[in-house]
Amino acid sequence: MRVLAAMSGGVDSAVAAARAVDAGHDVVGVHLALSRMPGTLRTGSRGCCTIEDSRDAWRAAEKLGIPYYVWDFSERFKEDVVDDFIAEYEAGRTPNPCMRCNEKIKFAALLEKALALGFDAVCTGHYARVDRDADGHPELHRASDWAKDQSYVLGVLTEAQLEHCLFPLADAPTKAAVRAEAAERGLSVAKKPDSHDICFIPDGDTVGWLAEKIAMEPGEIVDETGATVGEHAGAQAFTVGQRRGLKLGRPAADGKPRFVLSIEPKQNRVTVGPERLLAVDEIRGIRISWAGRPIPDAVVDPATGASARFPVLAQVRAHGDPVPATAQVVTGDDGDHRLVVILDESLRGVAPGQTVVLYQGTRVLGQATIDTARSLAAV
RNA sequence: UCCGCCCUGGUGUAAUGGCAGCACCCCGGCCUUUGGAGCCGUGGAGUCUAGGUUCGAGUCCUAGGGGCGGAA
């Protein structure tokens, strides 16, 4: 196959590219430039797409003896990821930019260009597996190393995208083994720290960064009874489940910490309360996508406007535990499909804008963007 | 303008006259391809003021300041 290896400049994508070469593919390395302005991405151990990273990727490509290019996707990245990130926070929601990037950039803009240039697949260093069912349709599964498994952030991929994905690290036993392999191969990035945090926020100060993009107004922080307990500099800077940074002068009567329960940007109000009020067991999602063929139970019956109810494992954060649940696709008033997930056990800190990914065993069924999350017990 | 109770980090509270503790909060670290959460820390911050008793005072005494409460 002709394979385009996306090389971030980190260990994983370098080893993945190396494995693709070993597998006999015709590999070309490409690094995505996501910002034209130096200093607007996290650097050093933090970011994933800086100038230094492109140099690391280039050195790795050279070591592997493959052609190497840098493609500028800064425009698309700004429109589809950064601007979306800002708009979501403005609306009082909590976006997941990494998923947007996978959905719109790495496996969309990049993949489209690769296919147009005659490549058969895009190879990345994600820890996830693509299997084929009996009919040859792709299925997305968790990686062997559950500790590093990244199938959650790939839950947005569609069947068409999965058709062209190559994840050579699917069977990597551990991250340490990947690093060891990188060292053996003489890759200079073997000991490079993992990337984390949001790549386009240079110093990791998300609130400070948002404050420059969004007009924020001071407002009230109220508790679950409606009593004013403090004030904030802008409701958009908060997220459901947040504990730190509330700067409430007075502790709660019971001396327990308080968490953000909800954000109402229109009223510019933030509501806080005790941990138990964070528990939710019904999650409703919009913008559903299926990672491969939807399972038969998830197909909406035109007669009823709803699918069957089917058992799943629901995961609401990249490294959260999946919890048993029952899912159903229903048709909303606007004709759009909605995902309704009833959890067997409640979860805390589920913020609108985040992503719920559905699994059955190791298989990723699909995902939806969380629209609402609530407790079914009377409030 | 008589009597009683109270005053401890930013906040809420502990301490038979014997090292001022706990919680919230804040800060730092760990974790993490999102936000948060979680975990760790010898981290930050306090006895209203002035005297007195005592080997030793947050604690007892006196005066002052501040806050509650008392059918005249």
Side-chain angles (χ1 to χ4, degrees), chain A residues 6 8-13 32 34 41-42 45-50 53 81-82 84-86 88-89 91-107 124-128 143 146-156 169 175 192-201 204-207 209-210 221 223 229-230 236-263 270 272-275 278-280 315-321 346-357 367 369-370 373:
Chain A
S8 68
V11 196
D12 297 329
S13 58
L32 301 188
L34 299 180
L41 295 177
R42 294 209 78 160
S45 65
R46 297 305 204 178
C48 71
C49 301
T50 62
D53 292 320
V81 179
V82 180
D84 171 78
F85 181 83
I86 296 168
E88 285 288 279
Y89 266 106
R93 298 156 69 93
T94 307
N96 185 331
C98 290
M99 299 198 77
R100 284 290 88 75
C101 181
N102 287 334
E103 178 188 9
K104 304 280 195 175
I105 308 297
K106 289 181 187 145
F107 300 97
T124 72
H126 284 103
Y127 290 70
W146 279 49
K148 284 300 294 183
D149 172 55
Q150 291 172 319
S151 60
Y152 175 86
V153 291
L154 298 175
V156 285
L169 300 188
K175 175 86 183 200
K192 188 171 173 177
D194 289 6
S195 66
H196 52 80
D197 292 342
I198 301 174
C199 69
F200 53 85
I201 298 180
D205 178 13
T206 305
V207 171
W209 186 89
L210 283 171
I221 297 179
D223 67 13
V229 293
Q236 301 95 329
F238 294 82
T239 185
V240 170
Q242 176 177 343
R243 170 180 174 176
R244 306 182 77 181
L246 299 178
K247 305 223 161 101
L248 300 176
R250 226 167 290 283
D254 60 4
K256 297 281 180 58
R258 280 169 295 191
F259 301 79
V260 173
L261 300 179
S262 65
I263 299 156
V270 174
V272 300
E275 184 175 24
L278 273 180
V280 300
Q315 188 172 325
V316 298
R317 44 177 66 82
H319 294 278
D321 289 328
S346 59
L347 290 172
R348 296 174 303 126
V350 182
Q354 294 279 289
T355 303
V356 55
V357 174
Q367 61 82 40
T369 300
I370 296 169

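The chains referred to below are lettered A, B, ... by the order of the sequence lines, with proteins before strands, and numbering in each begins at 1. Since the model is a prediction, treat every value here as computed from it, not as a measurement.
- At the heavy-atom level, A:Tyr89 lies under 4.0 Å from the strands shown only through sugar-phosphate atoms.
- Atom NZ of A:Lys256 is separated from atom P of B:A23 by 12 Å (rounded to the nearest Å).
- Between A:Pro274 and A:Phe259, the closest heavy-atom pair is C-CD1, 4.4 Å.
- Here A:Arg317 pairs with nothing under the salt bridge (Lys or Arg N to Asp or Glu O under 4.0 Å) rule; sequence neighbours left out.
- Between B:A71 and B:U13, the two P atoms lie 25 Å apart (nearest whole Å).
- When side chains are defined from C-beta on, A:Thr355 counts as touching A:Tyr152, because their heavy atoms get closer than 4.5 Å.
- Along RNA chain B, the nucleotide nearest to A:Ala351 and the one nearest to A:Asp254 differ in position, and the one closer to the 5' end is contacted by A:Asp254.
- Heavy atoms of A:Val260 sit nowhere under 4.0 angstrom from any nucleic acid atom.
- Summarising the geometry, the separation between CG on A:Asp197 and P on B:C31 is reported as 11 Å, rounded to the nearest angstrom.
- Side-chain proximity of A:Pro251 to the nucleotides B:U11, B:G35, B:A37 is greatest for B:U11.
- The side chain of A:Arg250 contributes an N or O atom lying less than 4.0 Å from OP1 or OP2 of B:G12.
- For the pair A:Ala252 and A:Gln150, nearest-nucleotide mapping onto RNA chain B gives the more 5' position to A:Ala252.
- Put simply, CG on A:Asp321 is 14 Å from C1' on B:U32, counting in whole angstrom units.
- The two atoms that bring A:Met99 and A:Val156 nearest to each other are O-CG2, 3.8 Å, heavy atoms only.
- Spacing between atom CD of A:Glu275 and atom C1' of B:C24 amounts to 14 Å, rounded to whole angstrom units.
- Taking atom CD of residue A:Gln315 and atom P of nucleotide B:U32, one finds them 15 Å apart after rounding to whole Å.
- When all heavy atoms of A:Leu154 and A:Ala128 are compared, the pair lying nearest together is CD1-CB, 3.5 Å.
- Contacts of A:Gly353 with the nucleic acid, taken as non-hydrogen atoms under 4.0 Å apart, are absent.
- A:Asp149 is linked by a salt bridge (Lys or Arg N to Asp or Glu O under 4.0 Å) to A:Arg142, counting only residues two or more places apart in sequence or in another chain.
- Residue contacts shown for A:Gln354 include a base, since a base heavy atom lies under 4.0 Å away.
- In this structure, A:Asp84 atom CG and B:U34 atom P are separated by 16 Å, rounded to whole Å.
- Distances were taken from every side-chain heavy atom of A:Thr239 (C-beta onward) to each of B:G36, B:U34, B:C26; the shortest belongs to B:G36.
- If you take atom P in B:A50 and the same atom in B:G12, they sit 23 Å apart, rounded to whole Å.
- Contact annotation for A:Lys148: backbone-only contact, meaning every heavy-atom pair under 4.0 Å involves sugar-phosphate atoms and none involves a base.
- On the P atoms, B:G29 is 33 Å away from B:U8, given to the nearest whole Å.
- In this view, A:Arg348 and A:Glu275 satisfy the salt bridge (Lys or Arg N to Asp or Glu O under 4.0 Å) rule, not counting sequence neighbours.
- With sequence neighbours left out, A:Lys104 forms a salt bridge (Lys or Arg N to Asp or Glu O under 4.0 Å) with no residue at all.
- For the C1' atoms, the distance linking B:A57 with B:C40 amounts to 37 Å, nearest Å.
- Listed nucleotides B:G35, B:G28, B:C25 differ in distance to A:Arg317; the shortest reach to its side chain belongs to B:G35.
- In this structure, the side chain of A:Glu88 does not engage the main chain of A:Ala91 through any donor-acceptor pair within 3.5 Å.
- Separation of the P atoms belonging to B:C24 and B:C5 is 34 Å when rounded to the nearest angstrom.
- At a threshold of 4.0 angstrom between heavy atoms, the contacts of A:Leu246 are confined to the sugar-phosphate backbone, with no base atom among them.
- Residue contacts for A:Gly349: at a heavy-atom cut-off of 4.0 Å it reaches a base atom on one of the strands shown.
- B:C7 and B:C48 have their C1' atoms separated by 7 Å, given to the nearest Å.
- Using atom P as the reference point in both B:G9 and B:A14, the two lie 13 Å apart (nearest Å).
- When the P atom is compared between B:C19 and B:G58, the two are found 10 Å apart, to the nearest whole Å.
- When distances are taken from the side chain of A:Asn96 to each of B:C24, B:U11, B:U34, the shortest belongs to B:U34.
- Between A:Arg243 and the phosphate of B:C25, there is a side-chain N or O to OP1/OP2 separation shorter than 4.0 Å.
- For A:His196, whose side chain is taken as the heavy atoms from C-beta onward, the closest listed nucleotide among B:U32, B:A37, B:C25 is B:U32.
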- prompt: Which dot-bracket notation, 5' to 3', represents the base pairing of RNA chain B when pairs are defined as Watson-Crick or G-U with both distances under 3.5 Å, crossing pairs as [ ], and inter-strand pairs as |?
  reply: .((((((..((((....[..))))((((((.......)))).))...(((((..]....)))))))))))..

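- Atom-to-atom, CG of A:Leu261 to P of B:G35 comes out at 21 Å; the value is rounded to the nearest Å.
- The side chain of A:Arg244 places no N or O atom within less than 4.0 Å of a non-bridging phosphate oxygen (OP1 or OP2) of B:C24.
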Validation: residues 238-256 of chain A side-chain donor-acceptor distances under 3.5 Å, sequence neighbours left out:
{"from": "A:Thr239", "atom 1": "OG1", "to": "A:Thr94", "atom 2": "OG1", "distance (Å)": "2.5"}
{"from": "A:Gln242", "atom 1": "OE1", "to": "A:Thr239", "atom 2": "N", "distance (Å)": "3.1"}
{"from": "A:Gln242", "atom 1": "NE2", "to": "A:Arg244", "atom 2": "O", "distance (Å)": "2.9"}
{"from": "A:Asp254", "atom 1": "OD1", "to": "A:Lys256", "atom 2": "N", "distance (Å)": "2.9"}

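- If you measure from atom CG of A:Leu248 to atom P of B:A23, you get 18 Å, rounded to the nearest angstrom.
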